[in-house]
> 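Take a look at the following structure, please.
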Amino acid sequence: MSDGGERARATPYELIGGERKLREMVVRFYALMDTELALAGIRKLHKPSLDDATEMLFMFLSGWLGGPQLYAEKYGHPMLRARHLPFAIGKAERDQWIAGMSFAMEQVGIAPEVREELEGAFFRTADWMRNREEAD
Ligand code: HEM
């Protein structure tokens with residue numbers, strides 16, 4: 001390698017502040033989904049209790065961000081797109097999900113440069129989840 005650095009690059013998991021911060025972020029995300037009128041469109045796709053969703057997203061993001069592969073170890077491959085097919089996801093749903101996650105990251109104090117990076121990655125994933133035909 002040519003950068004001369006001794007240490008490996010920090011993972012996004014480390015950059016956000018590890019397990020405690022990730023849990024805080026996911027809990028905040030679903031709390032917002034549960035209370036913000038602007039997110040009502042995606043709230044209604046979820047079950048009355050958001051507890052399972054909270055635990056699943058926490059476990060999934062742990063691995064996705066470069067931390068422990070909690071979800072894969074317990075459930076195997078997430079097959080996220082297939083798993084979301086029962087829910088009609090278009091641009092509105094994608095944008096609500098992203099808005100909720102951006103707000104959650106901001107509220108729990110993730111550094112702006114890390115947040116910006118993650119917003120891009122979340123957007124690409126959420127956009128790939130779209131499964132509803134709609135006009136451009
Ligand atoms: C694009 C908009 C999205 C919508 C509308 C949406 C909606 C949902 C819904 C309704 C569930 C079922 C939760 C329940 O059991 O009540 C779910 C599960 C889940 N979602 Fe999403 N989601 C979106 C995007 C994402 C993104 C971007 C990620 C990851 C970065 C993600 C990760 C997950 C995971 C890990 C689960 C649990 C899967 C399992 O059951 O094993 N979702 N989502």
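Just so we're clear, the structure is a prediction, and the values are computed from it rather than from any experiment. Every number for a ligand or one of its atoms is a count from 1 in the order of the listing.
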> Over 60° means perpendicular and under 30° means parallel, so tell me whether Phe87 and His84 are parallel, tilted or perpendicular.
perpendicular

> Do other residues, nucleotides or ligands put more than 12 heavy atoms under 6.0 Å from Glu116 CD?
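Count not over threshold, so no.
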
> Just need the protein heavy atom nearest to atom 34 (C) of ligand 1, so name the residue and atom and give the distance.
Leu80 CD2, 3.9 Å

> Which of the atoms in ligand 1, numbered in the order shown and given with their element, are less than 4.0 Å from a heavy-atom of Leu45?
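Selected atoms, number and element: 5 (C), 10 (C).
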
> Starting from atom 38 (C) of ligand 1, find the nearest protein heavy-atom neighbour and note its residue, name and distance.
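Protein heavy atom with the smallest distance to atom 38 (C) of ligand 1: Arg83 CD, 3.5 Å.
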
> Give a yes or no answer on whether the side chain of Arg115 reaches the backbone of Met105 with a donor-acceptor pair at less than 3.5 Å.
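No, Arg115 side chain to Met105 backbone: no donor-acceptor pair under 3.5 Å.
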
> Around atom CD of Glu14, are there more than 12 heavy atoms of other residues, nucleotides or ligands at under 6.0 Å?
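More than 12 heavy atoms, drawn from other residues, nucleotides or ligands, come within 6.0 Å of this atom.
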
> Any sub-3.5 Å donor-acceptor pair from Arg81's side-chain atoms to Trp128's backbone N or O?
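Answer holds: yes.
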
> Just going by heavy-atom distances, which of Arg130, Arg43, Met56, His46 is nearest to atom 8 (C) of ligand 1?
His46

> Under 4.0 Å from a heavy atom of Ile42: which atoms of ligand 1 are those, numbered in the order shown and with their elements?
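This gives 5 (C) as the contact atoms.
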
> Would a hydrophobic clustering, with Ile, Leu, Val, Met, Phe, Trp and Tyr connected at side-chain separations under 4.5 Å, put Leu22 with Val27?
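Different hydrophobic clusters.
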
> Assert yes or no for the condition that the ring centre distance of Trp97 to Phe29 is strictly below 6.0 Å.
yes

> Who's closest to atom 3 (C) of ligand 1 heavy-atom-wise, of Trp97, Trp128, Phe122?
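The residue whose heavy atom sits nearest atom 3 (C) of ligand 1 is Trp97.
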
> Could you tell me the residue and atom name of the protein heavy atom closest to atom 12 (C) of ligand 1, and the distance to it rounded to 0.1 Å?
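Going atom by atom, the protein heavy atom closest to atom 12 (C) of ligand 1 ends up being Phe87 CZ, 3.6 Å.
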
> For ligand 1, is Tyr71 a contact, meaning one of its heavy atoms is under 4.0 Å away?
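Heavy atoms of Tyr71 do come under 4.0 Å of ligand 1.
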
> Look at Glu55 together with Arg23 and state whether they make a salt bridge at an N to O cut-off of under 4.0 Å.
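Counted as a salt bridge, because a side-chain N and a carboxylate O are separated by less than 4.0 Å.
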
> Specify the protein heavy atom at minimum distance from atom 14 (C) of ligand 1: its residue, its atom name, and the distance to 0.1 Å.
Lys47 CE, 3.9 Å

> Determine whether Leu80 and Phe60 satisfy the following criterion, side chain to side chain contact (heavy atoms under 4.5 Å, CB included), listing intermediate values before the conclusion.
CA-CA 10 Å; Leu80 272 196; Phe60 173 78; 3.5 Å; yes

> Please could you name the atoms of ligand 1 that Glu93 approaches to less than 4.0 Å, counting only its heavy atoms?
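Those atoms are 2 (C).
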
> Does some non-hydrogen atom of Tyr75 fall short of 4.0 Å from ligand 1?
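Not so, Tyr75 does not reach ligand 1.
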
> To which protein heavy atom is atom 33 (C) of ligand 1 closest, and what is the distance rounded to 0.1 Å?
His84 CE1, 3.6 Å

> Give the atom numbers and elements of ligand 1 that come within less than 4.0 Å of a heavy atom of Leu57.
32 (C)

> In terms of atom number and element, which parts of ligand 1 are under 4.0 angstrom from non-hydrogen atoms of Phe60?
29 (C), 30 (C), 35 (C)

> Under 6.0 Å from the CD atom of Glu134, do we count more than 12 heavy atoms belonging to anything else shown?
yes

> Can you tell me the protein heavy atom closest to atom 25 (C) of ligand 1 and the distance?
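Answer, as residue, atom name and distance: Met129 CE, 3.1 Å.
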
> Quick one: does Asp52 get within less than 4.0 Å of ligand 1, heavy atoms only?
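It does not, in that no heavy atom of Asp52 comes within the 4.0 Å cut-off of ligand 1.
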
